[in-house]
Amino acid sequence: MFPPVDKDRGFPERELDVLRFWKERNVYQQTLDARDGAPPFVFFEGPPTANGMPHPGHCLTRSIKDLYPRYKTMRGYRCERKAGWDTHGLPVEVEVCKELGIHSKEEIENFGIEPFIQKCQASVWRYMNEWERLTERLGFWVDLKHAYVTYHQSFIESVWWSLKNLFDRGLLYKGHKIVWWWAQGGTALSSGEVGQGYREVADPSVFVKFPLLDKDGEPTDESLLVWTTTPWTLPSNQFVAVNSAIKYVTAIDEESGEKFVVAAELLGTLADKTKRKLRADTSPVDGAGLIGERYIPPFECYRDKYDTMAQLANGGSSYTSWRIVAADFVTTESGTGLVHIAPAFGEADFEVLEDERSQFNNDTEPLLLNAVGPDGKFTDEAPEFVRGRWVKDCDKDITRDLKSRGLLFHQEQYLHDYPFCWRAEEDPLIQYPRESWFIRTTSVKEAMIENNSKINWLPDHIRDGRFGKFLESNVDWALSRERFWGTPLPIWVCNKTGKKEAIGSYEELLDKPGVRGTEVWNNSKRANPNLVDDLRVHKPYIDAITYECSSTCDCKGTGRKERVSEVIDCWYDSGAMPFAQWGYRGEEGPSQARDRFSSQFPADFISEAIDQTRGWFYSQLAISTLLWGKQSSHESMLAKVVEKVTGKDNVVPYRETKTVPYPHPFKNCIVLGLMLGEDGQKMSKSKRNYREPNEIFDKYGADALRWYFFANQPPWTSIRYSEQSIKDSVPEFLLRLWNVYSFFTIYANIDGFSPVGSGNSSSAGTPRVPGAAPKRLLAQRSELDRWILSELNRTAAIVVERMDAYDNFAACGAITEFVDALSNWYVRRSRDRFWAADKQSAEKLDAYWTLYECLTTTAQLIAPFTPFLAESLWQNLVAKPLSGGKAGGAPESVHLCDYPTGDASAIDEQLSARMNLVRHISSLGRQARTSASLKVRQPLARVEVILADNTHQKWLEEHAAVIAEELNVKLVEFSDEPDKYVEHEVLPNFKLLGKKLGKLMPKIKPALASQSGAELLANLRDNGKVDLVIDGEAVQLLPEELEIRFKAKPGWTAANDKGVVVVLATEVTPELLAEGLARDLVRVIQDRRKETGCEFTDRIEVGVVTDSPELRAAVEMFSEYIAAETLAVRVTPAPIQGVEPVKVTIGDYSADVYIRVVK
RNA sequence: GGGCGCGUAGCUCAGUUGGUUAGAGCGCAGCCCUGAUAAGGCUGAGGUCCCAAGUUCGAGUCUUGGCGCGCCCA
């Protein structure tokens, strides 16, 4: 017996049963154990942050992350799934600050770093319960018990190991970064914060004269005309930039006689704007010709100190500052075509300086000129009249000073967007250089690009599109953060000489000579034994630890090493997870970590949404390429230097890691589209434009949500959250399949069908359920059975092919199509067999076996997609009836099965095509009935079927009974007189003829249409070609170059499509009418049976009382038929005593119907 | 302002190397079927394939330029 179908329970309730079952039987672990020793399929979990509530977007990523590992496990791989949590970073600090009611860094310091980071650590787990519950409820199988956590000591030490590796190879360095700086608050703002604060403001806009110098350094009578909207940056001017490709002229002011260099194109605009008479005094020259010219900066403050020559790397020498340099970003859209460069106050400006520096020898390169302090006030290096004042307040005085010295050419107001601090609206931000630690990613740029090119991105435009473009514009990774809650940067600096050293583990640190400061942690721990041990490698405890320098330090061992204050970008944490999740610290490190890492690297599969392009996707690729990619250009350079100095060949700098063939650290990556709210906007809590995941689970279930994600669109399209669509996936797919299962169970139990039996040995088409034994082999079964099993295996083959290509959307499409065929054709066409009286007839058993095989295999097919439904089916169809896992040898869970891959020998493409044709003809017949308003219950005499292609005609003729039954007609004829019903249309095959005929193409179709289809056909039949003359040119058309279509002639009740016409005989004779009435009556009686609560097997007696002679005649004529259909022992034309009749309308007639159960 | 992606039916989306009748599901309207039944089936209406120009015998598809939306970055 199969367990009866529980009609009262919904999908969500059954899912909870399944969850309990998985937990009790430890099924996830079993699936792993079952693949012990199997080839690995490596999955990396991109760590979410658990300090916010999970929303439907997270359900999407977690669903797709579950799908492929489940699939690959069933395909025979061992797929470990280690969960992970991202726990560091500013968002955590901000949450804690909110809680404490504080904002600035200073306030945090006043509160105390120690209690602050303790609060951060606790805050990280605030929503952990919700996350774990969601993960479980969604059916995401992942090892939460052994999750990696980025603040754990082993993780941090692993990160340290990697940073030490980079540092020792010269790939981690300290430099400057231009940031948006909130001077009053003393902190840098993230790009997100800056973006929030843009406002339109009017700033002064000044055109300033920079007098040119001649070759001897003497002033000339020409000036560079330079434009800026930030006069306060002028004292820190260092260069003037031109675009080498733009034309410049020397212009002369006809009134004053002054000469200016400006972009030729802007001369007119400038003259209009300033109402001066300017004319070109020279013919235009390329900007390239100006490069290297020197000028007098607008302020003298640095001039006496830095107006010096220095050695160039290539041998010559050059002035360090106040020269014209080339920059591509210079345009003629505004200004003068000459741009004032103050590298301290603009990212582009700073890059100019970096470029310049690279041309000088290291020790003589230009310094950064910066007359402004971090407080936003001018320093003592600035001109006296602005010293100590807030820079923005000085714009006017600076302009006035320039004017008084005759250097101001023009002045105006300029309206533009400028960022202000989002926490202090009146404070404008300034761009400002901060010291920062960088990873020299630019030195592995080519390697990253090569590595990227080997990754299988889905969709593939990510590779050369968003991600590829991003790599092309790579800049060094600004790693450090002047914050508190993060992985401390493991660099210790000599307090005497500034000599730096990287530390690769806590142990290494404690092993240093003369270590001090460990008591800070120890005391805290003693005072509070509950303190989480991992915190000892965090601020402030780690900062307290110092040690003695060794004799190899520049201080000769007289100084002490102290840690730098910064923590690192938490993106580095996430990008380090491929090795840090195991605590890997190199080949010399812990051996267990080494083994885990080597077997789980690189990943076969990862997936996140597209917003991770510059996040996790990049951080992983960059770190992996740095550690295991080809040698960086910087290292090669160092190697050459060392070689030069030492004279040794093949010198390679320190490098602890081996190279690993690309791609790594991941091979396949599904980039999910962003999930939008119900209104198409970004999902946000405040807008309430989505439902809580739990509501969805309770209402529709996790399978409904998962199927909606997998089957509704390719995963990379951005997906508009739609509760309706989730709801729809229930009847569209889940319920339809469930109904088939329910049908099977009801009748299998009535007939006592059991999959356990003394049946045949396994063979093609027999079930993949160990312990089940079918009666007959595939070849012995009916065509319908062979057809659906062919479809089943074909579907499995398609699904496997698509899933191996990470195309779940197409895979789901194939499954949906199969379930439709199973439900709407196989089951419907097999009903008679299921209802046959002889319980043991071979045909009946075949039907059960076939449907059983379809259902159990479908359960396996859908297992990775909708794991709950699959499990319910499996439990009820296999595990329970076969007492799974014990007697029968059938796996106790569907997830322990091997995935069906489709048995090629069971696939019959021809049968599939033929059955499709039958379905198509039936559909057309129904269409014809509809257009003639002849309902299917009314039998008709015959249909005529006309086929354009008679390949399958003979087969169809043998199967005419099926069509006759579907269409309720007495006779199906395949007409040999098509001309009677259809007219032909001969069309050109554009694809073939287009190449052959070219320009004549448009005339072919009308030429063919001008002749009768029948003639053309005859022509084609007799001569094997059609001859046409187009524009006097003879054209021969071969049969394959023509397409023959036909349609029903008017006057027939017919439907046509795709080379098939079905013509209906519409005449209704009295006999046919009577039969129709009988069928109507059957339906009425069946309804009545159901209403009165008859069991499927109850026998009844029926009375039909009517005034209509037609109806009486019909009852009389078809009483046997009616009795058989309705399980009636007799059908009489008289009332039945003691039974309330029901008044019914049958056709055009009314009647009283009595039914009574016969005991 | 730049990069990337998207724009097809009321909604959500498919649409092969360019080929002349642009599809599906939902929704809507009508009908049918009914012992799987709080299911199922059929039919219909509904399209300027965002706009414009170009390439081509032929463009939803390719090119260019707009417009709109989204994401990422300035």
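Per chain, numbering begins at 1; letters A, B, ... match sequence-line order. All values below were derived from every heavy atom in this structure, side-chain atoms included, with hydrogens, water molecules and symmetry-related copies excluded.
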With the criterion being N/O to N/O and under 3.5 Å, what pairs connect the protein with nucleotides 60-63 of chain B, and how long is each?
none

With the criterion being N/O to N/O and under 3.5 Å, what pairs connect the protein with nucleotides 2-8 of chain B, and how long is each?
unit_1, atom_1, unit_2, atom_2, d
B:rG3, N2, A:Arg466, NH2, 3.2
B:rC4, OP1, A:Lys469, NZ, 2.9
B:rC4, O2, A:Arg466, NH2, 2.8

- Query: Checking all strands, does A:Ser823 fall into the base, sugar-phosphate, or nothing category for heavy-atom contacts under 4.0 angstrom?
  - Reply: base
- Item | Opposite nucleotide pairing with B:rC49, Watson-Crick or G-U, both atom distances under 3.5 Å | none
- Distance below 4.0 Å between A:Tyr747 side-chain N/O and B:rA36 OP1 or OP2: yes
- Distance flag, aromatic centroids of A:Tyr618 and A:Phe470, threshold under 6.0 Å: yes
- Message: So, does A:Asn824 get its side chain near the phosphate of B:rG40, meaning an N or O under 4.0 Å from OP1 or OP2?
- Response: no
- Message: Rounded to whole Å, please give me the gap between CD in A:Gln713 and C1' in B:rC26.
- Response: 14 Å
- Query: Who is the Watson-Crick or G-U wobble partner of B:rC28, with both distances under 3.5 Å?
  - Reply: B:rG44
- Once you round it to whole Å, what is the distance between C1' of B:rG44 and CZ of A:Arg926? 17 Å
- Query: With sugar-phosphate meaning primed atoms plus P, OP1 and OP2, does A:Pro714 contact a base, only sugar-phosphate, or nothing at under 4.0 Å between heavy atoms?
  - Reply: sugar-phosphate
- Intermediate values then yes/no, ring-ring contact (aromatic ring centres under 6.0 Å, His included), A:Phe743 and A:Phe834: CA-CA 10 Å; A:Phe743 176 91; A:Phe834 289 114; 5.3 Å; yes
- Here the distance between atom C1' of B:rU43 and atom CG of A:Leu924, to the nearest Å, is 12 Å
- Is the distance from OP1 or OP2 of B:rG41 to the nearest side-chain N or O of A:Arg736 less than 4.0 Å? yes
- Task: Apply the test salt bridge (Lys or Arg N to Asp or Glu O under 4.0 Å) to residues A:Arg919 and A:Glu966: give CA-CA distance (whole Å), side-chain angles for both, the deciding distance (0.1 Å), then the verdict.
- Result: CA-CA 9 Å; A:Arg919 294 179 74 184; A:Glu966 282 292 315; over 6 Å; no
- Row check, A:Trp738 ring normal vs A:Arg14 NZ/CZ: under 6.0 Å, within 45°: yes
- Could you state the atom-to-atom distance from CD of A:Glu966 to C1' of B:rC32 in whole Å? 13 Å
List, one per line, each side-chain donor-acceptor pair under 3.5 Å for residues 460-469 of chain A, sequence neighbours excluded.
unit_1, atom_1, unit_2, atom_2, d
A:Arg463, NH1, A:Ile455, O, 2.8

- In Watson-Crick or G-U wobble terms, both distances under 3.5 Å, what is the partner of B:rC33? none
- Task: Go ahead and name the base partner of B:rU21; Watson-Crick or wobble counts if both distances stay under 3.5 Å, otherwise write none.
- Result: none
- Query: Watson-Crick or G-U wobble partner for B:rG54, using a 3.5 Å limit on both distances?
  - Reply: B:rC62
- Query: Would you say the side-chain atoms of A:Asn474 and A:Thr441 include a donor-acceptor pair closer than 3.5 Å?
  - Reply: yes
- Task: Report which part of the nucleic acid A:Val740 touches: base, sugar-phosphate, or nothing (heavy-atom distance under 4.0 Å, all strands).
- Result: base
- Option among A:Asn876, A:Leu855, A:Val5 that satisfies the side chain to side chain contact (heavy atoms under 4.5 Å, CB included) test with A:Phe744: A:Leu855
- Task: Hunt down the Watson-Crick or G-U wobble partner of B:rG70, both distances under 3.5 Å, from any strand shown, or write none.
- Result: B:rC4
- Query: For atom CD of A:Glu817, is the number of surrounding heavy atoms from other residues, nucleotides or ligands below 6.0 Å larger than 12?
  - Reply: no
- Message: Under 4.0 Å, heavy atoms only, any strand: does A:Trp738 hit a base, just the sugar-phosphate, or nothing?
- Response: nothing
